[in-house]
Amino acid sequence: MEPKISEKTWNPELEKEILKQWEDEKIYDFTPQEDNYTIDTPPPYPSGRPWHIGAAAHYSQIDMIARTARMAGKNVYFPIGIDRNGLPVELYTEKKHNIRMRETERGEFLNLCREALDDLEDEMILIMKSLGISGDFANYYRTDSEEYRSLTQSTFIELWKKGQVYLANRPNNYDWVSGTTIADAEITYEDLSTKLVYMKFKIKDTDKEIIIASTRPELLCACRTIIVNPEDQRYTQYIGQKVIIPITNVEVELRTHHSAKQEFGSGAVMVCSYGDQNDVVLFRELELGEIVAVGLDGKMTEAAGEYAGLKPKQARAKIIEDLETGGFLEKVEDIIHRTPISERSKIPIEIIPMEEYYLKQKEDVERIKKLGQEIIFHPPMHKQILMNWLESISIDWPISRRRYYGTEIPIWYCKNCSEPHVPEPGKYYRPWNEKCPINNCTKCDSAEFVGEERTFDTWMDSSVSPLFISKFGRDVEFFNKVYPTSIRPQAKDIVRTWLYYTILRCEQLTGEKPWSEAWIMGYGLDEKGMKMSKSKGNAIDPLPVIEKLGADTFRFWSASEINHGYDFRCNEQKIESTKKFLSKLWNISRFLSSFPIIESGKPNASDKWILSELDNLVKECKRGYDEYNFFVPAIAIREFTWNLFAAHYIEMVKARAYGIGFSDEERDGAIFTLHKALSTILKLLAPITPFITEHLWKVLYSEKSIHKERQVLSESPEDFTHLTKDITEFNSNVWNEKKSKELSLKDSIAVSVPERLSEFAKDFAAMHNLE
RNA sequence: GGGCUCAUAGUCCAGGUCGGUUAUGACGUCGCCCUUACACGGCGAAGAUCCGGGGUUCAAAUCCCCGUGGGCCCA
């Protein structure tokens with residue numbers, strides 16, 4: 001019989017045709033039923049080229065989850081979304097057009113951001129599609145759509161009405177030159193020369209003094225405590241005593257804290273609101289009351305007494321003089337200090353408390369812990385990341401941001417009495433640009449309002465993704481069928497943010513957990529194990545790799561190289577060499593395509609042996625697929641297919657399959673077994689490499705898609721696997737024997753088959769041309 | 001500074017819970033071989049102080065302790 005396959009290798013170009021077939025036949029369409037398997041897909045953020053190769057691997061594996069579930073007979077809902085809110089696109093747009101967000105008209109700036117996102121998004125969708133992602137691209141959603149943002153706002157309004165939201169002061173990075181708060185991402189550090197001032201502080205009720213060194217002596221008025229390292233012998237005797245601050249004469253306590261470095265300055269540190277980020281931490285940790293020493297105009301406040309109105313630098317010069325006059329100055333050193341600088345105006349930032357909105361979370365921690373216990377984690381060890389985080393929550397969640405490209409906080413303030421008003425939920429509101437939908441102030445009846453200008457932290461949007469995809473508040477019937485969803489696949493580095501905030505918000509809004517399983521993937525590193533980043537230049541662009549080698553090669557690499565939950569290294573050459581396995585599979589199929597399909601046959605000993613090894617493979621794959629750990633089936637399938645099926649079994653039965661020297665019944669037993677093994681391999685592999693398995697399946701076995709098949713189940717046949725080692729060793733011995741005698745493989749040789757393998761003697765004789 | 005996690009041939013990875021053969025497989029390297037599925041192949045070879053130090057034990061890659069180095073998150 002002529003082989004149905006003539007080409008010698010798998011051609012990745014075929015993927016494009018297969019993709020088109022899938023799209024035309026809509027084989028992944030979803031119609032909700034009573035039982036559904038919903039994937040809370042992470043919406044990727046189009047932040048600029050190239051997309052991270054680790055992310056491409058990540059999405060390939062999420063698709064394997066969907067395909068595994070489908071083949072297990074589940075009704076899979078696999079939505080696709082794009083995350084478009086937040087800082088990265090603002091920075092990208094500023095750079096691209098060489099503009100400043102706050103110097104650009106807001107509406108115009110938002111349009112520019114949207115255009116940038118559209119371009120980046122197109123490419124991202126293209127990559128996801130060409131990876132073979134079987135999600136619902138026809139209905140893909142965007143987190144900046146009216147529908148999505150109205151959900152974010154509605155859920156906020158609901159929580160506001162329940163009293164879960166409040167205003168509070170919180171220290172912020174502040175750039176007083178451009179008059180804005182800035183995000184941590186916009187801070188750079190520069191080594192600047194400055195003066196380290198050594199000051200004398202009196203210990204109360206003694207004649208002793210301690211020396212404290214600081215680069216910010218103008219903040220003396222905001223000093224609330226002095227810390228020393230608990231192991232610093234010099235200060236042990238003063239712990240718990242009062243210390244008198246020079247100039248202000250205020251008394252503060254001296255206490256220990258591990259963040260004080262013995263070798264820096266005198267080892268004693270004054271803690272002021274706020275000299276640096278460590279002060280912020282200490283004020284929170286030690287629950288100190290803050291004193292605002294620097295105002296929004298960048299000048300010293302009234303709290304600074306006679307220094308009020310001066311810029312911090314001027315105040316510093318003056319206070320050094322005054323310290324000297326008062327006899328409080330020990331010495332002044334010139335040092336190089338690593339100083340946080342605003343990326344935009346290049347001046348040192350100030351940390352200033354500002355009023356922001358908070359969402360209550362502290363009182364929810366115990367409930368979230370309980371839900372966390374109920375959620376199954378893959379792998380289980382990563383549940384610990386969530387639990388540790390829950391243990392360490394000490395403040396509520398600050399949710400307001402002074403940014404533009406995000407969901408607007410839907411609040412209007414009465415112009416007369418400042419009373420905040422939230423509108424009715426269900427619509428998308430833009431208070432900075434819209435008239436207040438409420439006519440009169442509920443408190444003073446005034447008719448004039450000012451819209452809130454701030455936006456939400458983007459996690460406020462992302463954390464309602466399970467509610468959005470299940471049409472919460474939009475379609476009750478759909479919601480009831482789909483929520484709680486089944487699984488949340490995501491990366492390890494955002495467990496503390498996305499995963500945690502989602503549980504928090506969904507619990508607050510529905511009283512239920514958002515999903516029953518969480519699937520946590522490790523981090524993609526470069527070939528040396530370093531984090532990939534554009535600035536380091538070690539980032540690998542996935543698109544050319546996929547175009548060159550095909551999605552299946554990339555996907556099989558991702559499955560066979562990445563043990564689930566662990567970090568992994570990305571290496572182009574390794575990806576390339578994975579292609580060989582697909583080539584092997586292709587040629588096995590090519591060989592089998594020259595034999596007819598036989599529905600049943602009478603297996604002999606060799607056939608029974610490979611069928612029992614095949615059954616082991618089925619069990620092993622099930623073990624991996626049940627945990628959505630694709631490393632297990634990928635390795636097992638490659639091992640079986642290459643090293644047992646192709647290397648030994650096919651060679652053993654080749655002559656029998658051709659019918660040379662064997663009866664028809666013996667021949668059919670071989671052909672039956674060959675096809676049974678290959679069709680099983682294809683089905684086992686289908687979730688990992690959907691393209692090549694689809695192609696081979698259709699050429700060999702069925703007009704219907706392999707992706708409509710159910711996964712193979714174990715049949716637990718008679719076990720012959722104890723003979724595997726004997727069989728492979730016997731073959732090896734014969735090959736070595738021929739080699740040492742300089743015989744060709746087809747030459748005959750006199751080797752006797754060992755007693756325990758006597759059942760296999762006829763196949764061995766044909767295989768090795770035994771005399 | 002805190003938490004989690006990892007460390008096995010030139011490279012990647014298995015084994016580790018439950019200590020006991022010659023430490024798994026792949027990539028790469030080298031040698032031989034076109035044998036009617038595949039030279040993107042076959043057969044074979046070389047290549048590992050299982051990160052370092054200490055402990056428990058008859059026995060440690062595996063269990064315990066202390067280091068060192070990488071990664072992630074938080075501060």
Side-chain angles (χ1 to χ4, degrees), chain A residues 3-11 184 229 257-261 276-278 280-282 284-285 379-389 391-394 491-497 499-500 520-532 549 553 556-557 560-563 565-571 573-595 631-632 634-636 638-640 642-643 645-647 650-651 654-655 657-658 660 674 678 731-740 742-747 767-769:
Chain A
K4 289 183 195 151
I5 299 169
S6 51
E7 301 80 10
K8 280 191 170 184
T9 57
W10 163 242
N11 178 4
D184 290 345
N229 194 288
H257 195 271
H258 55 80
S259 68
K261 292 193 184 86
D276 59 21
Q277 279 298 334
N278 195 43
V280 176
V281 176
L282 284 159
R284 187 185 305 152
E285 201 179 311
M381 67 175 178
H382 285 340
K383 184 180 277 193
Q384 203 54 41
I385 303 176
L386 173 66
M387 292 304 165
N388 290 343
W389 172 237
E391 287 299 332
S392 68
I393 288 176
S394 60
K492 178 173 96 170
D493 52 340
I494 52 174
V495 168
R496 291 169 140 123
T497 47
L499 187 131
Y500 163 69
I520 312 295
M521 191 165 163
Y523 210 81
L525 307 170
D526 79 356
E527 49 198 292
K528 294 188 189 92
M530 299 293 170
K531 186 174 179 165
M532 278 189 214
L549 301 168
T553 299
F556 193 80
W557 165 79
S560 64
E561 195 91 353
I562 302 173
N563 198 349
Y566 295 96
D567 294 344
F568 56 96
R569 298 185 184 194
C570 303
N571 179 325
Q573 191 231 322
K574 288 295 278 258
I575 301 172
E576 190 159 3
S577 58
T578 310
K579 188 161 178 264
K580 291 187 172 188
F581 174 68
L582 299 188
S583 206
K584 191 73 192 175
L585 182 69
W586 178 268
N587 279 294
I588 291 168
S589 306
R590 186 158 86 99
F591 172 59
L592 289 214
S593 76
S594 60
F595 299 105
F631 183 79
V632 172
I635 296 287
R638 183 178 61 194
E639 186 68 14
F640 172 84
W642 209 322
N643 294 344
F645 185 57
I650 292 183
E651 296 303 327
K654 204 180 263 178
Y658 282 127
I660 304 163
L674 284 166
L678 177 62
N731 287 332
S732 241
N733 286 343
V734 179
W735 287 324
N736 278 332
E737 192 74 4
K738 284 189 177 175
K739 189 167 202 170
S740 65
E742 291 188 339
L743 293 171
S744 134
L745 284 177
K746 63 184 173 186
D747 290 336
M767 172 186 184
H768 295 297
N769 195 9

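Chain letters run A, B, ... following the sequence lines, proteins first and then strands; every chain starts at 1.
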Task: Non-neighbouring partners of A/D747 that pass side-chain contact (heavy atoms from CB on, under 4.5 Å), sequence neighbours left out - done: A/L743, A/S744
- [ ] Look at the side-chain N and O atoms of A/K584 and state whether any lies under 4.0 Å from the OP1 or OP2 oxygen of B/rA26.
- [x] no
TODO: Kindly write out the residues that satisfy side chain to side chain donor-acceptor pair (under 3.5 Å) with A/H257, not counting sequence neighbours, or none if the list is empty.
DONE: A/S259, A/E285
Task: Counterpart residues, side-chain contact (heavy atoms from CB on, under 4.5 Å), relative to A/E576 (two or more places apart) - done: A/K548, A/L549
- [ ] Just say parallel, tilted or perpendicular for the rings of A/Y500 and A/W389, cut-offs at 30° and 60°.
- [x] perpendicular
TODO: Sequence neighbours left out, what passes salt bridge (charged side-chain N to carboxylate O under 4.0 Å, His left out) with A/D567? Give chain and number order.
DONE: A/K492
Open item on the list: According to side chain to side chain donor-acceptor pair (under 3.5 Å), who are the partners of A/N587, at least two apart in sequence or on a separate chain?
Closed with: A/R590
TODO: Please identify each residue that fulfils salt bridge (charged side-chain N to carboxylate O under 4.0 Å, His left out) with A/K574, with sequence neighbours left out.
DONE: A/E561
Taking only nitrogen or oxygen atoms into account, show me every contact under 3.5 Å that the protein makes with nucleotides 43-48 of chain B, one pair per line with its distance.
| from | atom 1 | to | atom 2 | distance (Å) |
| --- | --- | --- | --- | --- |
| B/rC43 | O2 | A/K739 | NZ | 2.8 |
| B/rG44 | OP1 | A/S732 | OG | 2.4 |

Task: Distance between P atoms of B/rA61 and B/rC51 (Å, rounded) - done: 10 Å
Task: Pair assignment for RNA chain B - dot-bracket with | for other-strand partners, Watson-Crick or G-U under 3.5 Å - done: (((((((..(((.......[....))).(((((.......))))).....(((((..]....)))))))))))).
- [ ] Between B/rU24 and B/rG15, how far apart are the C1' atoms? Round to whole Å, please.
- [x] 7 Å
Task: Distance-only donor-acceptor test, A/R496 side-chain atoms vs B/rC73 base atoms, 3.5 Å - done: yes
So which protein N/O to nucleotides 4-7 of chain B N/O distances come out below 3.5 Å?
none

Open item on the list: Using the side-chain contact (heavy atoms from CB on, under 4.5 Å) criterion, which residues pair with A/D276? Sequence neighbours excluded.
Closed with: A/N278, A/D279
Task: With sequence neighbours excluded, residues passing side-chain contact (heavy atoms from CB on, under 4.5 Å) with A/F631 - done: A/N563, A/N629, A/I635
Open item on the list: Please enumerate all residues that pass ring-ring contact (aromatic ring centres under 6.0 Å, His included) together with A/F591, with sequence neighbours excluded.
Closed with: A/F595
